[in-house]
Amino acid sequence: MGKESTKLIANNKKAYHDYFIEDKYQAGISLAGTEVKSLRMGKCSLKESFIRIEKGEVYIYNMHISPYEKGNIFNKDPLRVRKLLLHSYEINKIAGKMAQKGYTIVPLQIYFKGSLVKLDIALARGKKLYDKREDIAKKDMRREAEKNFKVKNLY
């Protein structure tokens with residue numbers, strides 16, 4: 001059994017800034033043919049997207065996949081609601097956690113795994129403003145320390 005290659009299409013860096021990531025899940029996405037071709041060209045954005053569970057099924061909203069240039073009449077709406085493919089026990093587990101206060105589901109990244117399009121989603125808790133400031137301060141301190149370390153090693 002060969003190792004399947006993964007090719008990153010889009011990443012949601014803002015999710016790591018705005019949320020504490022608890023659990024990660026890998027989900028498939030129900031897509032049209034022209035959407036897959038557009039994804040192969042890297043035309044996707046997860047910036048404003050969010051995920052909801054409705055009637056035992058998981059959907060992603062506001063994920064922008066640009067229309068395929070040669071797709072003409074087969075192109076779908078770039079912001080249409082798309083169904084995520086997860087096992088029912090995973091959906092039940094996520095829904096149980098969502099019932100607790102403060103949890104949400106956020107998309108992290110979309111990528112090709114072999115020939116399949118996969119989306120990493122996470123169960124997350126929102127950060128408060130002071131948490132974000134704390135993260136930024138830690139990042140700045142680490143960057144400064146690395147910079148000093150490089151300077152010392154040059155001489």
Side-chain angles (χ1 to χ4, degrees), residues 1-68 75-146:
M1 193 163 147
K3 183 177 174 262
E4 289 189 22
S5 63
T6 57
K7 180 187 170 226
L8 184 67
I9 302 166
N11 207 347
N12 189 1
K13 291 178 184 170
K14 199 164 169 56
Y16 290 99
H17 184 260
D18 291 344
Y19 299 97
F20 291 114
I21 306 301
E22 304 276 325
D23 293 333
K24 288 184 183 178
Y25 298 92
Q26 184 183 69
I29 313 175
S30 181
L31 295 171
T34 53
E35 290 176 323
V36 176
K37 289 180 180 184
S38 187
L39 285 174
R40 287 212 182 276
M41 296 166 64
K43 303 197 181 224
C44 178
S45 173
L46 293 173
K47 283 229 169 42
E48 299 297 317
S49 59
F50 60 96
I51 297 170
R52 282 199 184 137
I53 299 177
E54 294 169 1
K55 298 176 187 158
E57 298 196 341
V58 185
Y59 296 95
I60 186 164
Y61 294 80
N62 285 354
M63 182 173 80
H64 188 277
I65 298 177
S66 300
Y68 182 57
N75 278 331
K76 304 279 190 215
D77 176 31
L79 289 174
R80 77 184 180 94
V81 177
R82 295 169 181 91
K83 184 177 174 183
L84 297 183
L85 310 171
L86 284 162
H87 291 286
S88 57
Y89 66 87
E90 289 177 318
I91 296 171
N92 293 337
K93 189 175 176 183
I94 293 170
K97 287 270 192 176
M98 290 272 296
Q100 295 178 14
K101 189 173 176 272
Y103 279 104
T104 186
I105 314 171
V106 292
L108 297 178
Q109 62 183 9
I110 185 167
Y111 55 92
F112 280 103
K113 185 176 180 183
S115 62
L116 303 174
V117 178
K118 297 289 183 179
L119 179 73
D120 275 353
I121 62 174
L123 196 62
R125 277 185 304 117
K127 283 185 181 177
K128 302 279 189 261
L129 186 60
Y130 58 84
D131 291 326
K132 292 179 191 176
R133 286 188 188 137
E134 198 175 287
D135 281 353
I136 292 168
K138 281 182 186 173
K139 208 178 282 183
D140 286 344
M141 284 170 50
R142 194 183 77 240
R143 197 177 299 127
E144 196 66 36
E146 286 174 0

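Side-chain contact check for Leu84 versus Tyr59: every heavy-atom pair is 4.5 Å or farther apart. Contact annotation: the side chain of Lys97 approaches that of Asp23 to within less than 4.5 Å [non-hydrogen atoms, C-beta and beyond]. With contacts defined as side-chain heavy-atom distances shorter than 4.5 Å, the pair Glu57/Ile91 does not qualify. At a threshold of 4.5 Å between non-hydrogen side-chain atoms, the residues Met63 and Ile110 count as touching. For the pair Ser30 and Glu35, the minimum side-chain heavy-atom distance is 4.5 Å or more. In this structure, the side chains of Lys93 and Glu90 stay at 4.5 Å or more apart for every pair of heavy atoms.
Here the closest heavy-atom approach between residue Ile105 and residue Ile94 is recorded as CD1-CG2, 3.4 Å. Shown here for Glu48 and Asn62, the closest heavy-atom pair between the two residues is O-CB, 3.6 Å. When all heavy atoms of Ala10 and Cys44 are compared, the pair lying nearest together is CB-O, 3.8 Å. Val106 and Ala15 get closest at one heavy-atom pair: CG2-CB, 4.3 Å. When all heavy atoms of Phe50 and Pro107 are compared, the closest pair comes out as CA-CD, 4.5 Å. Contact record, Gln109 with Leu8: OE1-CD1, 3.4 Å, taken as the closest heavy-atom pair.
Of the residues Arg143, Arg142, Glu144, the one that meets the side chain to side chain contact (heavy atoms under 4.5 Å, CB included) test with Asp140 is Arg143.
To the nearest 0.5 Å, atoms CZ (Phe20) and CG (Asp135) are separated by 6.5 Å. Atom CZ of Arg52 is separated from atom CD of Glu54 by 6.5 Å, given to the nearest 0.5 angstrom. In this structure, CD in Gln26 is found 10.0 Å from CD1 in Ile121, a value given to the nearest 0.5 Å. Between atom NZ of residue Lys47 and atom CG of residue Asn11 there is a gap of 10.0 Å, rounded to the nearest 0.5 Å. Here the straight-line distance linking atom CG of Leu86 with atom CG of Asn92 works out to 11.0 Å at 0.5 Å rounding. Taken to the nearest 0.5 Å, the CD1 atom of Ile29 stands 9.5 Å off from the NZ atom of Lys118.
The closest side-chain donor-acceptor pair between Tyr111 and Asp120 falls under 3.5 angstrom.
Within a 6.0 Å radius of NZ in Lys14, other residues, nucleotides and ligands contribute 12 heavy atoms or fewer.
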Item checked: Residues Phe112, Val117; criterion side chain to side chain contact (heavy atoms under 4.5 Å, CB included); working and verdict -> CA-CA 5 Å; Phe112 280 103; Val117 178; 3.4 Å; yes
